[in-house]
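Sequential numbering from 1 along the given sequence is applied to the chain's residues.
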Amino acid sequence: MNILVVGGGGREHAIVAAIERSRKDPSIYVVMSKKNPGIAALCEDYLLEKETNVEKVVEYAVSKNIELVVVGPEAPLAVGIADALEAEGISVASPKQKVAQLEFDKAWARNFMKNNNIAGCPVFDVFTDKAAMDAFIDELGNVAIKPAGLTGGKGVKVMGDQLPDVEAAKEYASSLLDMGSVVVEENLVGEEFTLQAFVDGKNLAFMPTVQDHKRAFENDLGPNTGGMGSYNGAGEILPFLTAEDVEGSKQIMKDTIKALYKETGQEYKGTLYGQFMITKDGPKVIEFNARFGDPEAMNVLPLLESDYVDVLAAMASGTLDKIDVKFSNKATVCKYAVPAGYPDDPTKDREVTVGDIGDAILFYSSVYEKDGKVYTTGSRAVAVVGVADSIEEAEEIAQNALENLCGDLHYRSDIGKAFLIQRRIDHMNEIRGQ
């Protein structure tokens with residue numbers, strides 16, 4: 001089978017690696033904007049092209065007799081890449097534009113949740129008028145501010161973190177109005193986690209829960225990033241969650257898939273990412289993404305015991321209920337090495353070399369290869385993943401790998417450490433009144 005992956009980052013390296021493990025021995029083709037050396041080493045052929053250039057991607061897919069496509073990043077989904085490929089008779093295991101709105105239009109997504117009575121929706125409103133928006137911010141008192149469109153995980157700011165007070169919230173919200181509508185919602189208090197699922201339009205196969213770390217520096221300090229690393233425990237549930245928390249989140253995602261079909265007349269086929277906040281009132285939806293999280297893909301895909309090609313084909317054909325999707329009961333810790341100065345003033349075009357990383361898995365992210373050498377671009381560069389029977393063992397494997405990367409790099413060594421996880425557990429116990 002000829003399979004095309006669209007995208008060239010760490011998430012896509014993890015996707016390509018999972019496809020490459022398939023017993024079906026597929027031929028892998030990739031469209032990516034820069035040559036990712038990890039992906040290039042695993043694929044039959046690749047095209048260096050903007051992933052949002054629909055015409056070129058479709059032309060390449062047709063020329064290579066592609067039978068199945070998976071799209072990694074959000075931007076190609078937003079411009080309707082899945083629609084264009086399917087119009088050529090090519091199966092796609094990623095959602096079409098109308099249902100991918102769930103990610104790329106946050107205003108639409110919130111109104112969709114409200115109109116369909118989907119649980120977990122915070123108090124919110126959508127604004128294009130500054131005076132009305134300021135009044136709503138005053139009314140709520142503690143808010144999160146979100147641009148309605150795509151921001152690469154960096155546009156959201158919340159009070160108590162990036163915004164010190166109500167006036168700062170108003171100022172930031174006002175600065176976003178030039179780009180379009182702005183979503184203002186209650187600032188949720190709790191612990192964030194990610195629940196992802198394979199979806200075939202009706203059926204969902206859930207993955208282990210993962211916690212990402214957005215802040216740039218140790219102890220959850222500094223500006224928000226695309227994600228500095230993530231971890232999951234051995235089994236489905238993170239240490240600070242209960243089975244009830246996870247079941248409630250699964251139900252929200254099931255209801256969302258049903259309502260999407262009712263609202264749009266189109267089935268959602270592909271990976272669905274739910275970013276949740278577990279609060280004293282149960283799980284609340286921070287946002288949905290219409291694809292794998294990055295870095296969360298790098299935690300769960302190495303654990304997938306089922307053949308990923310079978311899973312992709314089942315998503316595209318609506319037959320996910322006919323296969324048994326299994327993950328190994330292992331813990332993982334993923335840590336990113338990023339350019340020094342990231343995210344505000346990152347160094348660029350610096351060479352990265354990889355030493356002895358032991359048992360860790362390495363995924364190249366936003367790098368490029370030139371004359372056999374690997375260089376940074378200014379965004380997250382290399383992710384390393386430890387897989388073991390416990391979070392503690394997985395963290396040691398990942399940390400050892402980080403220390404054997406050479407370059408002008410920065411990383412967080414605390415991700416997956418016992419003290420940081422215990423802080424989450426204590427925080428949730430306090431919120432639950434235990």
Side-chain angles (χ1 to χ4, degrees), residues 1-32 36-46 51 66-73 91-95 194-200 204-210 227 230-232 236 269-273 289-317 320 323-334 336 359-365 382-388 394 398:
M1 178 182 272
N2 291 347
I3 298 178
L4 174 66
V5 176
V6 178
R11 167 182 46 224
E12 291 75 39
H13 189 176
I15 288 169
V16 169
I19 294 170
E20 199 266 340
R21 293 200 311 265
S22 171
R23 295 179 294 277
K24 301 284 194 300
D25 194 27
S27 295
I28 305 169
Y29 298 83
V30 180
V31 175
M32 50 187 166
N36 180 317
I39 292 174
L42 297 174
C43 67
E44 191 92 6
D45 185 60
Y46 59 87
E51 294 117 356
I66 298 298
E67 298 158 81
L68 182 61
V69 179
V70 56
V71 183
S91 294
V92 185
S94 296
T194 302
L195 177 62
Q196 301 172 109
F198 299 122
V199 186
D200 71 353
L204 290 84
F206 290 97
M207 307 179 212
T209 52
V210 181
S230 46
Y231 72 97
N232 71 280
E236 186 185 45
K269 294 183 175 184
T271 299
L272 178 64
Y273 165 113
N289 290 335
R291 37 76 190 178
F292 271 115
D294 181 344
E296 294 96 333
M298 292 176 267
N299 297 93
V300 297
L301 281 172
L303 301 181
L304 181 62
E305 292 184 343
S306 308
D307 194 308
Y308 189 36
V309 171
D310 288 342
V311 176
L312 291 170
M315 282 193 284
S317 63
L320 204 50
I323 65 171
D324 189 13
V325 179
K326 287 185 176 176
F327 293 85
S328 62
N329 288 321
K330 296 275 190 181
T332 70
V333 173
C334 174
Y336 252 119
D359 294 329
I361 305 167
L362 182 142
F363 296 113
Y364 285 108
S365 188
V382 183
V384 290
V385 181
V387 181

Of all the heavy-atom pairs spanning [X] and [Y], show the shortest one and how long it is.
X	Y	answer
Leu204	Ala197	CD2-CB, 4.2 Å
His13	Gly38	CE1-CA, 3.4 Å
Val30	Cys43	CG2-CB, 4.0 Å
Ala316	Val92	CB-O, 3.7 Å
Asp200	Ala314	CB-O, 3.6 Å
Tyr336	Gly227	CD1-O, 3.3 Å

Nearest 0.5 Å please: distance from the [atom1] atom of [X] over to the [atom2] atom of [Y].
X	Y	atom1	atom2	answer
Ile15	Ile28	CD1	CD1	11.0 Å
Gln196	Arg291	CD	CZ	9.0 Å
Met207	Leu272	CE	CG	9.0 Å
Ser91	Ile3	OG	CD1	10.5 Å
Asp307	Ile19	CG	CD1	10.0 Å
Asn36	Glu12	CG	CD	8.5 Å

Is it true that a side-chain atom of [X] and a backbone atom of [Y] form a donor plus acceptor pair closer than 3.5 Å?
X	Y	result
Asn232	Pro208	no
Asn299	Ser230	yes
Thr209	Glu236	yes
Arg11	Ala297	no

Inset, instruction - Under the ring-ring contact (aromatic ring centres under 6.0 Å, His included) rule, collect the residues that match up with Tyr231, sequence neighbours excluded. - result: His213

Inset, instruction - Please list, chain by chain and in numerical order, all residues satisfying ring-ring contact (aromatic ring centres under 6.0 Å, His included) with Tyr29, sequence neighbours excluded. - result: none

Do [X] and [Y] make a side-chain contact, defined as non-hydrogen atoms from C-beta onward lying under 4.5 Å apart?
X	Y	result
Leu304	Val325	yes
Ile323	Val311	yes
Lys24	Asp310	yes
Tyr46	Met32	yes
Tyr364	Ile39	no

Inset, instruction - Using the six-membered ring wherever Trp is involved, compare the ring planes of Phe198 and Phe292 and label them parallel, tilted or perpendicular (cut-offs 30° and 60°). - result: perpendicular

Legend entry - Set of residues satisfying salt bridge (charged side-chain N to carboxylate O under 4.0 Å, His left out) with respect to Asp324, sequence neighbours excluded: Lys326

Inset, instruction - Could you check Phe363 against Asp294 for side chain to side chain contact (heavy atoms under 4.5 Å, CB included), going step by step and ending with a plain yes or no? - result: CA-CA 11 Å; Phe363 296 113; Asp294 181 344; over 6 Å; no

